[in-house]
Amino acid sequence: MTGEAIVVDNVSRVFGGLKAVDGASLKLARGETVAIVGPNGAGKSTLIQLISGVDRADSGTIHVDGVRTDHLPPDRIARLGVGRSFQTSRVFPALTVWDSVLVGVQAGLIETRSGRLIDPVTESAGALLGLPFWRRRVAAQEAAAEAALKLFGDRLWPRRDQPALGLSYANRRRLEIARLLAAEPRYLLLDEPSAGMNPTETEELTHLILDLRRTHPDMGILVIEHKLSMVRRIADRVVVLNQGRVLIEDKPDHALDHPEVVEAYLGRARSGANFQDAHHG
Ligand SMILES: Nc1ncnc2c1ncn2[C@@H]1O[C@H](COP(=O)(O)OP(=O)(O)OP(=O)(O)O)[C@@H](O)[C@H]1O
């Protein structure tokens, strides 16, 4: 289980009698974009909860860059370079757009590359006395925050002094991604980033992810997405989950056009379950 990747091996999570994730395995290497698709209730979000440490697997193992993480708390996994967004956008409403992203940058700097925590005494002294190392760090943090906000064109940067609470829904979702990117994650886990976005906003998000693939070639992106037309454009590989199991894992067109996958979605449609706009993809 070594190498630069997130490796999920034979992981299960049971809620009561329900196997939400049932022996699922997948790999996300740095530099690749993998989409997880599947009907509602397939276990997609649970899988991201397990990878990010918000929830614990009942069995199986998860490694991040060779470090076993399935027993680690979420903050420790975040410090290994795993940034994740939630299905419903989570921004700090009392902070401005700018401060929200600075928080993200600082989250990324809590642990040094060597894995050592920054000494709080040295840190406080640097801040109080305005020491050069501290001023250099602040300048670097501000540059990272500016770069993250400017990834979204004129959507966030001109609004940097506004409270995050006042942003439109789509902008709040963008801000959440900007905050994650500001921490310079090695892996970005996005849980339905286009949920609630209209077609124009979804198109912008698609371009953003395609841009990220160019600007962050070493970052691995794992995205849960119901909009299959977007999945076809952004993903190198697609993992189809159904009832907690990996039904198929393949290149987007092969995976999404596979008869069993079409059936998994259409079966839900016939039974009247809401599978959002996956069938429009
Ligand atoms: N904390 C929990 N307690 C009990 N059951 C849960 C919990 N979290 C998820 N589940 C159940 O586990 C199953 C998988 O849920 P999950 O949210 O992972 O599916 P999903 O594929 O992300 O669905 P959606 O596309 O609707 O978001 C569902 O039946 C869900 O009701």
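We count ligands from 1, going down the list as the structure has it; atoms in each ligand are counted the same way. Just so we're clear, the structure is a prediction, and the values are computed from it rather than from any experiment.
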What's the spacing between Arg237 CZ and Ile248 CD1 if we round to 0.5 Å?
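Nearest 0.5 Å value for the CZ-CD1 distance: 13.0 Å.
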
Going by the atom numbers of ligand 1, which of them fall below 4.0 Å from some non-hydrogen atom of [X]?
| X | result |
| --- | --- |
| Ala42 | 19 (O), 20 (P), 21 (O) |
| Ser45 | 17 (O), 18 (O), 20 (P), 22 (O), 27 (O) |
| Glu192 | 25 (O), 27 (O) |

Regarding [atom]: of the candidates [options], which has the closest heavy atom?
| atom | options | answer |
| --- | --- | --- |
| atom 21 (O) of ligand 1 | His226, Lys44, Glu225, Lys19 | Lys44 |
| atom 23 (O) of ligand 1 | Gly41, Ala195, Gly244 | Gly41 |
| atom 18 (O) of ligand 1 | Ile48, Ile36, Thr46, Leu50 | Thr46 |

Looking only at distance, does [X] have an N or O less than 3.5 Å from an N or O of ligand 1?
| X | result |
| --- | --- |
| Leu18 | no |
| Gly38 | no |
| Gly43 | yes |

With distance as the sole criterion, is a donor-acceptor pair present between the side chains of Gln162 and Thr96 under 3.5 Å?
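No donor-acceptor contact under 3.5 Å links the two side chains.
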
Judged by modelled atom types alone, do Asp191 and Ser45 share a side-chain donor-acceptor pair under 3.5 Å?
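Judged by distance alone, the side chains do pair up.
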
Before accepting this row, confirm whether a basic side-chain N of the pair Arg233/Glu203 lies closer than 4.0 Å to the acidic partner's carboxylate O.
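A salt bridge is present here (some side-chain N lies under 4.0 Å from a carboxylate O).
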
What I want to find out is whether Glu146 reaches Arg160 closely enough, with some N-O distance under 4.0 Å, to be called a salt bridge.
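Salt bridge: no.
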
In this structure, are over 12 heavy atoms from other groups packed under 6.0 Å from His254 atom NE2?
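Counting neighbours around NE2 of His254, 12 or fewer heavy atoms of other residues, nucleotides or ligands fall under 6.0 Å, so no.
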
State whether the side chain of Arg213 and the backbone N or O of Ile209 hold a donor-acceptor pair below 3.5 Å, judged by distance alone.
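Answer holds: no.
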
Under 4.0 Å, heavy atoms only, figure out whether ligand 1 is touched by the backbone of Gln49, its side chain, both or neither.
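None of Gln49 does.
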
